[in-house]
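A short write-up of the structure that comes next.
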Amino acid sequence: MKRKPKKIVIVIGAILLLVMIFIVGIMISLTSVSKTSKEVTFIVSSGTSKKEIVNNLKTAGLIKSKYSTFLYILLSGNKRIEAGTYILNKEMSTPDVIKSIEKSRNTNTVTLTFPEGTSIKKYLKQLEKAFNFNETDMTSKLKDKTFLNSLISEFWFLDESILNDKLYYSLEGYLFPDTYQFFKNSSFEDIIRKMLKGTEKKLSEYKDANIKVHDILTKASIIEKEAVDINDRYKVSQVIDKRINIKMPLGMDVTAYYGAKKDLTEEITKVDLNALNAYNTRNLSYLGLPVGPICNPGIESIKAAINPATTNYTYFIADLKTGLVYFMESYDEFISIKNKLGN
């Protein structure tokens with residue numbers, strides 16, 4: 001008789017374990033299909049059922065699991081999905097994909113998701129497709145000092161740092177990556193202001209803090225590119241601070257890519273790595289942070305930039321293929337791991 005309660009406990013424990021495994025499996029299957037930004041034009045035809053849309057999303061390589069996606073739609077109470085053409089990205093999670101194509105209350109709106117760690121150049125291409133804006137005109141507007149000064153007077157976190165002529169894009173790093181709804185007749189200026197309001201909301205808790213926002217966003221953009229794991233981001237932040245404090249070049253490859261105007265998927269040359277420009281910290285004569293951000297970082301990277309880890313690392317190697325980051329205190333350790341990785 002005394003054994004029955006034990007059996008019941010074991011059975012309940014096994015059931016709870018299976019439920020937990022199921023939930024974790026669902027959560028993993030709702031994450032993005034890729035860590036690399038890749039835009040996909042997705043068309044929803046009028047009269048298409050949710051089941052067909054989910055199948056099409058799977059075929060387009062935008063979701064990991066049809067079953068988890070359909071379950072998410074059922075449980076989240078999503079609205080009816082609106083027919084139309086959508087610019088989606090393989091970096092988007094399943095919830096972000098669904099939010100981007102669900103029917104909004106106002107059919108005169110356009111929903112766009114801007115991924116974390118993406119450059120303004122790619123954001124402009126999204127806007128160009130969605131609003132038929134001209135990329136050259138948008139780039140010129142972002143260099144317009146009158147427009148930029150009007151933004152500086154409007155948003156507390158903007159200052160004269162964005163007026164630096166060495167910046168490729170004045171607002172790089174300042175347009176918070178998120179899902180936004182815009183009116184179809186929005187001007188480019190309207191869109192920029194709405195995205196800056198999104199940034200303002202995210203940075204509001206730091207308004208009275210003694211921080212230089214431009215430096216924090218610049219640092220956060222490097223962190224975003226160098227590390228995927230949240231804990232690694234705080235350690236990368238610490239390495240950046242230490243190198244700046246001991247007047248050691250940052251030596252970050254990701255800044256060389258941006259300086260060369262290349263994506264991380266492109267080949268980087270020795271000329272690119274040694275080039276002297278306002279972004280390339282791989283050039284040993286360059287000390288300190290780049291002139292500005294190299295992408296638009298997410299909130300976790302911003303937090304890491306403000307609150308670095310309490311470790312004492314001086315070196316790290318980021319394996320861009322696996323996403324793993326290796327940290328070391330000494331140069332000898334750095335060379336040893338570098339040789340093992342074949343970098």
Side-chain angles (χ1 to χ4, degrees), residues 24 27-38 64 89-97 99-100 112-120 122-123 157 171-180 195-244 250 252-255 257-258 264 289-290 292-311 313 316-327:
V24 171
M27 291 176 66
I28 292 174
S29 65
L30 293 177
T31 58
S32 62
V33 297
S34 175
K35 294 176 182 176
T36 304
S37 177
K38 184 177 181 182
K64 287 181 176 178
N89 197 299
K90 291 195 174 185
E91 277 188 314
M92 295 166 63
S93 65
T94 297
D96 282 341
V97 168
K99 287 175 186 176
S100 294
L112 288 177
T113 297
F114 299 95
E116 295 179 354
T118 305
S119 68
I120 276 189
K122 291 184 179 179
Y123 285 5
F157 55 89
L171 294 179
E172 186 80 87
Y174 288 91
L175 303 182
F176 191 79
D178 206 344
T179 298
Y180 296 88
M195 295 182 74
L196 287 174
K197 285 178 181 177
T199 305
E200 185 173 45
K201 185 177 180 180
K202 293 295 181 180
L203 295 180
S204 60
E205 64 180 290
Y206 306 111
K207 186 174 183 179
D208 298 322
N210 185 26
I211 60 172
K212 184 170 174 54
V213 175
H214 189 76
D215 287 351
I216 290 298
L217 293 179
T218 300
K219 183 182 172 187
S221 70
I222 296 174
I223 294 169
E224 183 79 40
K225 286 292 190 181
E226 290 284 9
V228 175
D229 181 79
I230 291 177
N231 291 327
D232 286 344
R233 292 180 182 182
Y234 287 83
K235 294 174 187 176
V236 170
S237 179
Q238 177 266 305
V239 172
I240 292 173
D241 283 356
K242 181 172 183 179
R243 289 193 166 207
I244 290 174
L250 295 185
M252 309 292 180
D253 285 3
V254 292
T255 65
Y257 276 94
Y258 191 85
L264 293 180
L289 291 168
I294 60 173
C295 69
N296 293 283
I299 192 62
E300 288 301 332
S301 291
I302 293 172
K303 288 179 179 179
I306 296 172
N307 304 291
T310 55
T311 47
Y313 297 117
F316 71 83
I317 297 177
D319 189 334
L320 298 178
K321 293 180 181 178
T322 63
L324 296 175
V325 184
Y326 303 85
F327 296 88

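The analysis underlying the following values was restricted to heavy atoms, covering all of them including side chains, and did not include hydrogens, waters or symmetry mates.
Considering only heavy atoms from C-beta on, Cys295 comes within 4.5 Å of Ser221 through its side chain. Residues Tyr206 and Ile211 meet the side-chain proximity criterion, which asks for heavy atoms closer than 4.5 Å. Between Ile222 and Pro290, some side-chain heavy-atom pair lies under the 4.5 Å cut-off. Residues Asn89 and Phe114 fail the side-chain proximity criterion, which asks for heavy atoms closer than 4.5 Å. Annotation: side chain of Val236 is in contact with side chain of Phe327 (closest heavy-atom distance under 4.5 Å).
The two atoms that bring Ile240 and Met252 nearest to each other are CG1-CE, 3.6 Å, heavy atoms only. Thr118 and Lys122 get closest at one heavy-atom pair: CG2-CB, 3.4 Å. Between Met195 and Leu175 the shortest heavy-atom distance is CE-CB, 3.8 Å. Of all heavy-atom pairs spanning Gly173 and Pro297, the tightest one is O-CD, 3.8 Å. Of all heavy-atom pairs between Leu264 and Val254, the closest is CD2-CG1, 4.1 Å. Of all heavy-atom pairs spanning Ala305 and Ile216, the tightest one is CB-O, 3.7 Å.
Ile294 contributes atom CD1, which lies 12.5 Å from atom CG of Leu217 (distance to the nearest 0.5 angstrom). The CD1 atom of Ile306 lies 9.0 Å from the OG atom of Ser237; values are rounded to the nearest 0.5 Å. Atom CG of Leu289 is separated from atom CD1 of Ile244 by 4.0 Å, given to the nearest 0.5 angstrom. Rounded to the nearest 0.5 Å, atoms CG (Asp178) and OG1 (Thr113) are 7.5 Å apart. Rounding to the nearest 0.5 Å gives a distance of 7.5 Å between CD1 of Ile302 and OG1 of Thr199. In this structure, OG1 on Thr179 lies 5.5 Å from CE on Met92, to the nearest 0.5 angstrom.
In terms of modelled atom types and a separation under 3.5 Å, the side chain of Lys90 and the main chain of Ser32 share no donor-acceptor contact. Between the side chain of Ser301 and the backbone N or O of Gly298 there is no donor-acceptor pair closer than 3.5 Å. Checked by atom type and distance alone, the side chain of Asn296 never pairs as donor or acceptor with a backbone atom of Phe176 at under 3.5 Å. No donor-acceptor pair under 3.5 Å is formed between the side chain of Glu172 and the backbone N or O of Pro293.
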message: Let's go through Asp229 and Val325 carefully: what are the C-alpha distance in whole Å and the side-chain angles of both, what is the deciding distance for side-chain contact (heavy atoms from CB on, under 4.5 Å) to 0.1 Å, and is it a yes or a no?
response: CA-CA 9 Å; Asp229 181 79; Val325 184; over 6 Å; no
- request: Give the intermediate values and the outcome of side-chain contact (heavy atoms from CB on, under 4.5 Å) for residues Tyr234 and Lys303.
  value: CA-CA 8 Å; Tyr234 287 83; Lys303 288 179 179 179; 3.6 Å; yes
query: Do Lys235 and Phe316 pass the side-chain contact (heavy atoms from CB on, under 4.5 Å) test, and can you show the C-alpha distance, the side-chain angles, and the key distance before you say yes or no?
result: CA-CA 9 Å; Lys235 294 174 187 176; Phe316 71 83; over 6 Å; no
task: Go through the steps for Tyr174 and Phe157 under the test side-chain contact (heavy atoms from CB on, under 4.5 Å), then give the verdict.
output: CA-CA 9 Å; Tyr174 288 91; Phe157 55 89; 3.9 Å; yes
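Side chains of Thr31 and Lys64: a donor-acceptor N/O pair is present below 3.5 angstrom, by distance only.
Around atom NZ of Lys201, no more than 12 heavy atoms belonging to other residues, nucleotides or ligands sit under 6.0 Å away. Shown here is Ile230, whose CD1 atom has no more than 12 heavy atoms of other residues, nucleotides or ligands within 6.0 Å.
In this structure, Glu224 pairs ionically with Arg233, as a charged nitrogen and a carboxylate oxygen lie closer than 4.0 Å.
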